[in-house]
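Residue numbers start from 1 in every chain, and the chains themselves are labelled A, B, ... in the order their sequence lines are given, proteins ahead of strands.
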Amino acid sequence: MTFPLLTLLGLVPLVGALVTFALKGAAAKYAGIAFSLVTLAMGVWAFALSASGTGFDERYTWIRAIGAHWSLGSDTLSMTMVLLTVIVVPIVLLAEWTIGDDPESGRGSTGAFFALALMLESFALYCFMATDTLLFYLFFEATLIPMYFLIGRWGGPKRGQAALKFLLYSLAGGLVMLFSVVGVGAEAAKTGQASFLVSDLAAANIDQGTWGRLLFLGFFIAFAIKAPMVPVHTWLPDTAEQASPGSSTLLVGILDKIGTFGMLRFCLAIFPDSSKWATPVILVLAVVSVIYGALMAIGSRDLLRLVSYTSISHFGIMVLGIFAFTSTSIQGSIFYMLNHGFSTAALFLVIGFLVKRRGSAQISAFGGVQKTAPVLAGLFLVAGLSALSLPGTSSFISEYMVLAGSWQRQPIFTAIAVLGMVLSALYILLAYQRTMTGPVTEQTETHVSVDLNLRERAVLVPLVALLLVFGFYPKPLVTPLEQPAKEAMSHVDMTDPETVVKGGN
Amino acid sequence: MLTLLETNLDWGALAPLIVVFVGACLGVVVEGVLRRSIRDEAQLIIAGLTLVLAFGFTVQLWRGREFGVEAGGSVSVDGPALFTWGALIIFTILALLLASERKLNQGQTDFVPMAASVPGSPLEARATALRLEHTEVYPLVLFATFGMMLFAASNDLITMFVALEIFSLPLYLLCGLARRRRLLSQEAALKYFLLGSLSSAFFLYGAALVYGYTGSFELNRVDAMIGSAGASSLLLAAGMGLVGVGLLFKVGVVPFHSWTPDVYMGSPTPITAFMAIATKMAAVAALMRVFYVGFGSMEWDWQPLFAVLAVLTMLVGSVIALTQSDIKRLFAYSAIAHAGFLLVAVAGAVTPTSSSAFGALTGSVGSIQFYLAAYGLATMGAFALVTMVRKAGGESTSLASWSGIGRRHPVFGALMVLFLLSFAGIPLTGGFIGKLLVFLAAWAGGYGWLVLVAVLMSLVAAFFYLRVIVVMFFREPNEHSEGVTVEKPSWMTWTVIVVAAVGTLVLGLWSGPLAELAIRASAFLGS
């Protein structure tokens with residue numbers, strides 16, 4: 001038996017969660033961060049192996065009676081998502097180092113927060129690595145448990161309701177997907193051999209007729225809620241407003257990626273025809289998400305709501321890239337998932353530091369922060385610029401790839417989506433102007449008098465560095481993504497349009 | 001011709017039944033012979049040994065695959081029967097452990113000191129002062145278990161009726177034995193008795209009609225006669241319907257569910273747990289046997305009916321559960337909803353003979369067996385936890401009094417969450433795999449739409465389980481929760497909780513072995 005790197009990759013944070021849960025006080029914090037760093041090292045190693053072309057998939061039979069497998073894949077799509085997860089989690093832990101000390105914002109200890117975050121990391125990692133539909137579903141649903149408690153126990157005064165709303169939306173999506181999981185399993189069994197492996201399901205020719213489309217919709221609706229796309233997005237702003245910034249980062253930065261990841265991995269592979277059948281509607285929804293999210297962000301009075309609306313807008317671009325069906329746009333889309341994770345994390349966390357000082361997330365509560373806390377303001381600006389995809393940040397590369405690729409097949413939708421880019425400049429810069437520039441208000445003077453401390457800088461600097469480094473030198477991350485993009489194209493049996501623009505490298 | 005006296009019984013094949021019956025009888029003898037002071041220990045030991053021995057015989061039979069229709073065609077010892085026997089025995093052991101818990105209640109069990117005393121009377125007070133006890137609980141439970149085991153294995157309708165009565169009568173009694181809130185308990189017993197008798201009458205009438213049409217009580221002969229007689233008649237349809245009513249009553253299917261909430265709430269909690277699992281298990285096994293074996297050739301007639309009942313049951317159970325303010329009543333409605341999920345697979349009717357899809361999946365019987373095992377474990381655990389929440393010695397079951405209890409007692413809270421998640425069918429628990437198997441069976445049987453409905457109902461169901469979690473963790477303590485504590489139980493209740501929790505996780509994560517066992521034990525003899 002070969003070394004089960006993938007299984008261990010998920011197991012380490014899970015064990016870490018249990019250990020952290022059992023410990024108390026500072027010991028729990030250090031244990032939590034240590035486990036997340038070990039996971040980081042393993043994750044980076046796994047990504048490097050995968051990018052160099054080494055395959056190390058794992059497959060064991062789990063429930064033979066229904067053809068379920070413990071099956072983990074090591075392709076670069078999975079490993080890119082793994083990379084995102086393992087990087088974001090330790091940063092979030094560091095950012096929320098003192099969350100348990102504040103009696104106002106929550107009731108649980110920091111150790112409990114760390115334990116839940118590690119549990120979430122483990123489930124999310126398995127989710128990204130699973131190549132068995134049932135296994136994926138298992139962890140897809142399981143992530144809700146730690147996330148629910150993370151939102152419900154730490155955050156604003158209405159966090160209980162926010163957690164409930166999040167859970168109900170997610171459960172609704174999850175159960176609709178359960179219908180489809182049962183369906184594909186039972187349909188595949190009609191071939192004589194039950195199996196939930198994505199490869200077997202793709203070969204079983206399930207995507208036929210009305211039932212095929214219904215099953216596709218089950219998957220797609222679940223992923224659209226997760227991503228989130230308009231019109232099933234309303235849970236996100238409410239949740240992000242009440243949750244702690246760390247939880248929001250985990251939610252938007254990592255968990256929501258399962259939505260777009262799932263579209264690529266499951267919808268396109270198992271339901272190629274239905275995916276093409278639904279493309280016009282999906283593209284409309286994607287573009288609506290781009291524009292609507294941007295407009296709502298401009299209109300937001302709350303910084304946390306603002307960031308969540310920008311995410312809705314950005315998820316629209318990712319979905320556009322996937323369903324435009326060109327290899328460049330899909331490649332860009334996957335790269336965007338990674339960058340978006342970093343840039344939202346940076347934004348949520350820097351705003352979190354700001355909110356913590358001021359005790360409010362209202363834009364009107366700030367003014368002139370750049371004079372009292374220049375480092376904070378500067379990092380806010382850089383994070384914001386990466387969110388609006390300024391050239392030089394890695395988000396720009398990915399967004400450009402999506403738009404350039406999509407243009408070849410869907411010029412109209414792409415043209416509308418480009419508007420979203422313009423709007424994004426507006427919401428970021430307006431927010432910056434209103435909170436950071438101008439005369440120092442009295443409130444800012446008293447509350448935001450201290451600039452970022454060393455720990456807070458240590459949280460933000462790596463994120464900003466990642467965004468900038470890969471903005472100038474994206475090759476190590478982009479090149480490995482050619483393979484999954486090519487695979488996705490072959491699933492749906494499409495080739496790039498004639499006028500191929502070579503993008504990315 | 002049937003000979004009236006069947007002399008060549010295969011004692012070995014019937015050993016588990018006989019052992020439990022003898023154990024129960026011994027319990028009765030002990031009541032008359034031993035001193036009061038040592039009766040309780042003696043009863044516990046006898047019941048424990050009996051059940052362990054019966055379990056051993058059951059395993060022995062399964063190992064040797066000694067299947068056969070015994071006792072002149074009236075008892076069918078086959079895969080489903082043995083699986084149900086084994087599970088019933090295990091759950092009975094757990095229920096008895098809960099029933100003998102004394103530490104939670106100042107050294108006394110949850111049963112009334114003297115059932116014959118009028119509530120509030122001087123006699124009752126004297127009985128309490130003397131610390132009298134009803135150790136008859138043990139033989140009663142054993143008799144009920146014996147009846148259920150026979151019920152699940154009955155191969156003819158008369159034996160099935162006798163078994164039905166054997167397990168029902170002790171249960172009626174047990175329901176009325178609660179130490180506290182005795183009027184409620186006695187009301188529950190009376191209601192259960194009246195409605196139960198009515199349903200038994202339906203069953204018997206149905207059996208008579210079926211006999212009238214087919215000339216036999218034996219299930220495989222009934223099936224053969226239906227097959228050869230061709231066109232179905234009103235007589236047969238009425239007979240089948242009435243037999244069905246009797247069985248569905250015990251399963252707790254809408255519209256025959258109305259006894260469930262009151263009985264669950266009024267009964268002593270260990271008995272509620274016992275009924276919730278064991279009755280359901282035996283009744284579903286009998287239901288499948290009657291319909292898959294006896295009326296197997298008429299599946300086109302009853303499948304749609306079961307599908308409709310499944311929808312109704314899930315709907316009523318889940319929606320009414322939303323409004324409940326008492327935890328035991330909530331579990332009662334949840335039990336109704338679960339009966340609906342079980343019917344989803346019953347309606348699918350994927351059996352080795354009926355469907356080509358069988359073989360690639362677990363089939364209806366195997367799925368339901370797995371589901372019941374997972375459901376049973378979660379139920380046992382949840383009710384065991386309910387017995388621990390006390391206010392001034394008595395159980396505190398109103399939901400409002402549970403406010404914030406999970407934060408004050410994190411271990412208690414985490415365990416309850418585990419069982420609730422299993423009920424709700426959230427992954428990593430046995431409940432999820434059970435639900436998945438049941439849905440797969442229904443889909444393979446051609447009931448894809450029913451799966452869709454069931455999935456939507458699962459969402460409603462998840463919501464009310466979630467309400468309990470919200471109350472436990474996110475609600476501030478209030479005037480209702482004052483003085484409510486989580487008592488520390490003795491090893492007996494802890495054993496139940498640990499077994500239930502570990503079992504729930506094992507079934508959720510390492511589900512293969514039990515799923516394999518359930519599928520191998522899913523062929524009815526004679527079908």
Open item on the list: Classify the ring geometry of A:F149 against B:F473: parallel below 30°, tilted from 30° to 60°, perpendicular beyond 60°.
Closed with: perpendicular
Task: Least distance between heavy atoms, A:I63 atom then B:A515 atom - done: CG2-CB, 3.9 Å
Open item on the list: On a heavy-atom basis, which atom in A:L168 and which in B:L459 lie closest, and how many Å separate them?
Closed with: O-CD1, 4.3 Å
- [ ] Would you give the length of the straight line joining atom CG of B:L509 to atom CH2 of A:W70, rounded to the nearest 0.5 angstrom?
- [x] 8.5 Å
Open item on the list: Let me confirm one number: the CG-CG distance from A:L171 to B:L466, rounded to the nearest 0.5 Å.
Closed with: 7.0 Å
Taking side chain as everything from C-beta outward and backbone as N, CA, C, O, which of these in [X] sits under 4.5 Å from a heavy atom of chain A? Side chain, backbone, both or neither.
X	value
B:F439	both
B:L421	side chain
B:L440	both

Open item on the list: Would you say the rings of B:W443 and A:F179 are close, in the sense that their centroids are separated by under 6.0 Å?
Closed with: yes
Answer yes or no: is there a side-chain heavy-atom contact under 4.5 Å between [X] and [Y]?
X	Y	result
B:F474	A:R159	no
A:L175	B:L456	no
B:L428	A:F123	yes

- [ ] Could you please state which residues from residues 211-221 of chain A sit under 4.5 angstrom from chain B, measuring non-hydrogen atom to non-hydrogen atom, sorted by number, or 'none'?
- [x] A:W211, A:L215
Open item on the list: Taking side chain as everything from C-beta outward and backbone as N, CA, C, O, which of these in A:F140 sits under 4.5 Å from a heavy atom of chain B? Side chain, backbone, both or neither.
Closed with: neither
- [ ] For chain B, find which of A:G183, A:G185, A:A142 contributes the most heavy-atom pairs closer than 4.5 angstrom.
- [x] A:G183
